[in-house]
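Reading through the structure tokens given below for one structure.
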Amino acid sequence: MTTAPRQATGPDAPKTTPGPTPDQQHPHNGTGTGTRPRARTRILTHHLLPLSPALILLLLFLAVPIGYCAYIAFTDLQLTGQAHSSFVGFENFRTAFKDAEFLNAVWLTLVFTVLSSLVGQNTLGLALATLMQRASKPIRTLTGAIVITAWVLPEVVAGFLLYAFFRREGTLNAILDWLHLPSQNWLFTLPILAVSFANVWRGTAFSMLVYSAALNEIPQEITEAAEVDGAGGWRRMWHITLPMIRRSIGTNLMLNTLQTLSVFGLIWVMTRGGPGDKSQTLPLFMYEQAFQNSMIGYGTAVALLLLLVGSLFSVLYLRLLRTEV
């Protein structure tokens with residue numbers, strides 16, 4: 001007859017670790033503290049519920065109108081002279097790409113966006129922000145007040161001011177006459193350049209504020225070390241400043257581009273897309289087709305194409321922002 005060995009007791013006895021409880025062995029049996037139902041409830045309560053008002057507003061005032069416009073773009077809906085609209089498929093889009101006026105509007109929109117946003121506002125805003133870093137406080141205050149005043153003006157007011165500046169009897173020609181230089185009717189001879197300059201004048205403040213905040217985040221020790229090593233101003237700008245504010249540049253370009261693509265009031269006040277169609281960008285062409293020619297379906301199709309262009313620019317900038325330095 002054998003007896004089971006007795007376990008050692010006392011201070012020399014080996015320590016044993018208690019085994020897991022049934023709840024710990026099966027954490028998903030509905031009784032543990034980290035169960036899936038409770039985690040889902042926590043996510044719903046702490047994340048989705050506070051966002052629900054914003055999601056509902058976005059759905060009602062953004063998603064639903066865009067969806068309705070997408071439906072109208074595939075119909076022949078008109079403002080007058082039509083009892084019922086019918087589904088026409090991609091006919092409006094085929095008509096747009098065959099329309100010389102539409103292609104001209106696309107070209108002028110790209111010219112206007114590149115000149116006034118990508119080159120004008122972006123470059124001038126960066127230049128002003130860089131110069132204001134070295135300027136005295138009175139100069140910074142005066143420059144910031146002037147530039148921001150142009151930004152906060154309503155678009156229609158800014159359009160009238162720039163119209164008075166570029167018109168035949170305007171301020172620009174008065175200055176040229178005083179300097180004994182030839183003058184011209186800028187709104188007739190170079191309308192797209194005039195409205196591009198107007199958009200630069202009005203929107204540079206936003207770029208300046210973005211770049212001023214970005215430049216303030218650059219550690220002073222890095223620029224001082226580069227200056228001690230003999231790097232000039234242009235080399236410091238190209239090899240230090242621009243790489244370190246790359247994300248701010250991408251964000252500023254994306255926001256400026258989307259805003260410039262939708263500019264309507266400024267151009268309408270200054271030229272109304274004329275003379276002829278020399279300054280008719282896509283928003284003005286869309287307005288003309290939808291409300292002056294009463295072709296709501298065709299105008300909405302042009303609006304969707306404009307939305308597609310803005311989406312392509314956004315995707316491009318977001319991919320650039322995702323790339324690490």
Side-chain angles (χ1 to χ4, degrees), residues 54-55 57-79 85-122 155 192 195-196 199 203 206-207 247 249-268 273 277-323:
L55 294 176
L57 290 177
L58 288 176
L59 181 65
L60 290 178
F61 297 102
L62 188 63
V64 172
I66 290 178
Y68 182 64
C69 288
Y71 165 74
I72 293 177
F74 292 92
T75 67
D76 60 351
L77 181 64
Q78 299 182 15
L79 281 179
S85 61
S86 57
F87 184 81
V88 296
F90 290 93
E91 184 62 30
N92 289 326
F93 298 94
R94 286 192 290 265
T95 302
F97 286 108
K98 294 178 182 179
D99 190 352
E101 294 182 356
F102 169 78
L103 298 178
N104 176 72
V106 171
W107 167 249
L108 291 177
T109 302
L110 294 177
V111 171
F112 177 69
T113 302
V114 171
L115 289 180
S116 64
S117 177
L118 302 184
V119 177
Q121 294 180 11
N122 185 64
E155 195 174 44
I192 193 64
V195 296
S196 298
N199 194 50
F206 179 79
S207 298
R247 292 188 176 275
I249 294 175
T251 302
N252 181 66
L253 285 175
M254 180 176 66
L255 296 177
N256 274 340
T257 300
L258 296 179
Q259 186 274 333
T260 302
L261 286 173
S262 61
V263 170
F264 175 82
L266 188 71
I267 304 176
W268 180 260
D277 56 359
K278 291 184 179 180
S279 61
Q280 188 181 60
T281 57
L282 278 176
L284 276 76
F285 179 78
M286 173 189 63
Y287 173 82
E288 179 186 85
Q289 299 302 320
F291 298 104
Q292 294 184 344
N293 297 341
S294 300
M295 295 188 296
I296 293 293
Y298 182 46
T300 307
V302 174
L304 282 184
L305 293 175
L306 180 61
L307 179 64
L308 177 62
V309 172
S311 301
L312 292 177
F313 274 107
S314 299
V315 171
L316 175 62
Y317 290 137
L318 290 176
R319 289 181 65 87
L320 292 177
L321 287 174
R322 194 179 303 170
T323 307

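It should be emphasised that the depicted structure is a prediction, and the values quoted were computed from it without experimental measurement. What's counted below: heavy atoms across the whole structure, side chains too, no hydrogens, waters or symmetry copies.
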Does Val263 form a side-chain contact (heavy atoms from CB on, under 4.5 Å) with Thr281? I'd like the steps, not just the answer.
CA-CA 9 Å; Val263 170; Thr281 57; over 6 Å; no
Spatial distance of atom OG (Ser207) from atom CG (Leu253) [nearest 0.5 Å]
8.0 Å
Closest heavy-atom contact between Ser196 and Ser116?
O-CB, 3.5 Å
Which distance, rounded to the nearest 0.5 Å, do you find between the CG of Leu55 and the CG of Leu62?
11.5 Å
Would you say Thr109's side chain and Leu282's backbone share a donor-acceptor pair under 3.5 angstrom?
yes
Give a yes or no answer on whether the side chain of Asp99 reaches the backbone of Glu101 with a donor-acceptor pair at less than 3.5 Å.
yes
Supply the atom-to-atom distance Phe87 CZ to Tyr71 OH, rounded to the nearest 0.5 angstrom.
8.5 Å
Atom pair CG (Leu108) and CG (Asp277), whose distance is rounded to the nearest 0.5 Å:
7.0 Å
Using every non-hydrogen atom in the two residues, find where Thr257 and Ser117 come nearest and quote the distance to one decimal.
N-OG, 3.5 Å
Would you confirm whether Asn92, through its side chain, and Ala73, through its main-chain N or O, come within 3.5 Å as a donor-acceptor pair?
yes
Dump the intermediate steps for side-chain contact (heavy atoms from CB on, under 4.5 Å) on Val309 and Phe313, then the final yes or no.
CA-CA 6 Å; Val309 172; Phe313 274 107; 3.7 Å; yes
Are more than 12 heavy atoms from other residues, nucleotides or ligands located less than 6.0 Å from atom CZ of Phe264?
yes
Is the ring pair Phe90/Phe93 parallel, tilted or perpendicular, if the boundaries are 30 and 60 degrees?
tilted
Between atom CD of Gln121 and atom CG of Asn252, what is the distance when rounded to the nearest 0.5 Å?
8.0 Å
Give, for atom OG of Ser86 and atom CG of Asp76, the distance between the pair rounded to the nearest 0.5 Å.
3.5 Å
Apply side-chain contact (heavy atoms from CB on, under 4.5 Å) to the pair Tyr287 and Gln292, showing each step before the final yes or no.
CA-CA 7 Å; Tyr287 173 82; Gln292 294 184 344; 3.8 Å; yes
Pair Tyr298-Thr95, side-chain donor/acceptor within less than 3.5 Å
no
Looking only at non-hydrogen atoms, find the nearest pair between Thr75 and Ile72 and report the distance.
OG1-O, 2.7 Å
If I compare all heavy atoms of Ile192 with all of Val195, which pair ends up nearest, and what's the gap?
O-CG2, 3.2 Å
Contact summary for Ile296 and Ala290, nearest pair of heavy atoms:
CD1-O, 3.4 Å
